[in-house]
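The basis for the numbers below is simple: all heavy atoms, side chains too, and nothing from hydrogens, waters or symmetry mates.
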Amino acid sequence: MAFMPGKATTIAITTASSTTLVTVGQVVSVTPPQTEWRETEVTHLASGVVEKRATIQEVGPCSFVIERDAENVTHASILTALSTGADRTVRITYVGSTGLTRDDFAGFIKTWTPEEVSVGDVVRVGVTIQPSSGVAITSAVT
Amino acid sequence: MSIATDLRSYLLTQSALTTLSSTRMFCHKRDQGSAFPALVLVLDNEEHGHRLTAASGWAMARVTIDSLATTYVSAANIAEQVRQELSGFNGTIGTSSTLVTSVVLDNRAERFMDPIDGSDVGVFVISSDYMVQYAESVPTFTT
């Protein structure tokens, strides 16, 4: 398989009482954290082009959407994390071309954003995790 | 089974409706030569929920229910009684005990089908589109 399908991608988060990663249930979609270098311009009189240098990495938020279930313990765990703002360990696991790949980072639950509730649809909630660390991207974990 | 057959099973148990149309409720097409008035239920399209790991277990179907009669008043009365039985409904229906979580009357249209024999006896049709959300089993696989 020369591609990574979206199906079977999971996001797991530790709970308040344990360091064991627990897979979040009923996830519809995941947007992994984005990493980019901030830059500073160092152009000088002898420069032939505008010169820039990387300064520090910035990691953007990770977001995912769940089909809400009030009885789902992993959803309750997210709400607990939201109320405390404490860091949790997060792992996104993909199904890769040569095995599993994953993103590991620490972060806090930043937003809990319910979508519009309407007749004939199901209740969905968007969750955002702000990483407080860099993202460790591991390929071909077997 | 489909949600249309489950809806048909449910409607067949509603005496206020069967008083008007008897048990002439069909799926997809009316039996040739059958009497009027009658109902025809057609599943127009169906959306199914999915998550990253598996099916969600819910579906949203658009079901058109045609109320057919040789007089406009009869067709209108039947369409209205169907609305009384379905619009806003939630509950368990059908022989497979399908859990219906919502029914919304989305659209209604009227037309007249001209007779094919040159007479003046055509059929009045009132088409009502219902959006039906229901629970379905999540498939499991053996490989």
Return all side-chain donor-acceptor pairs below 3.5 angstrom for residues 106-114 of chain A, not counting sequence neighbours, or 'none' if the list is empty.
{"residue": "A:Thr111", "atom": "OG1", "partner": "A:Thr128", "partner atom": "N", "Å": "3.4"}
{"residue": "A:Thr111", "atom": "OG1", "partner": "A:Thr128", "partner atom": "OG1", "Å": "2.8"}

B:Ala61 versus B:Ile3, closest heavy-atom pair with distance: CB-CG2, 3.7 Å
Contact part of B:Thr53 toward chain A, heavy-atom cut-off under 4.5 Å: side chain, backbone, both or neither? both
Any side-chain heavy atom of A:Ile92 sitting closer than 4.5 Å to one from A:Phe105? yes
Looking only at A:Val119, A:Val65, A:Asp121, most heavy-atom pairs under 4.5 Å shared with chain B are made by A:Asp121
Under 3.5 Å, is there a donor-acceptor pair between the side chain of A:Ser18 and the main chain of A:Thr20? yes
State, without any angle test, whether B:Thr64 and B:Asp44 hold a side-chain donor-acceptor pair at a distance under 3.5 Å. yes
Checking A:Thr10 against chain B: side chain, backbone, both or neither under 4.5 Å from a heavy atom? side chain
Residues of residues 24-46 of chain A with any heavy atom under 4.5 Å of a heavy atom in chain B: A:Gln26, A:Val27, A:Val28, A:Ser29, A:Val30
Do B:Tyr72 and B:Phe112 have ring centroids that are under 6.0 Å from one another? no
Under a 4.5 Å heavy-atom cut-off, does chain A meet the side chain of B:Met60, its backbone, both or neither? side chain
Ion pair present between B:Asp6 and B:Arg8, side-chain N to carboxylate O less than 4.0 angstrom? no
Check: B:Arg108 side chain, B:Ala79 main-chain N or O, donor-acceptor pair, under 3.5 Å: yes
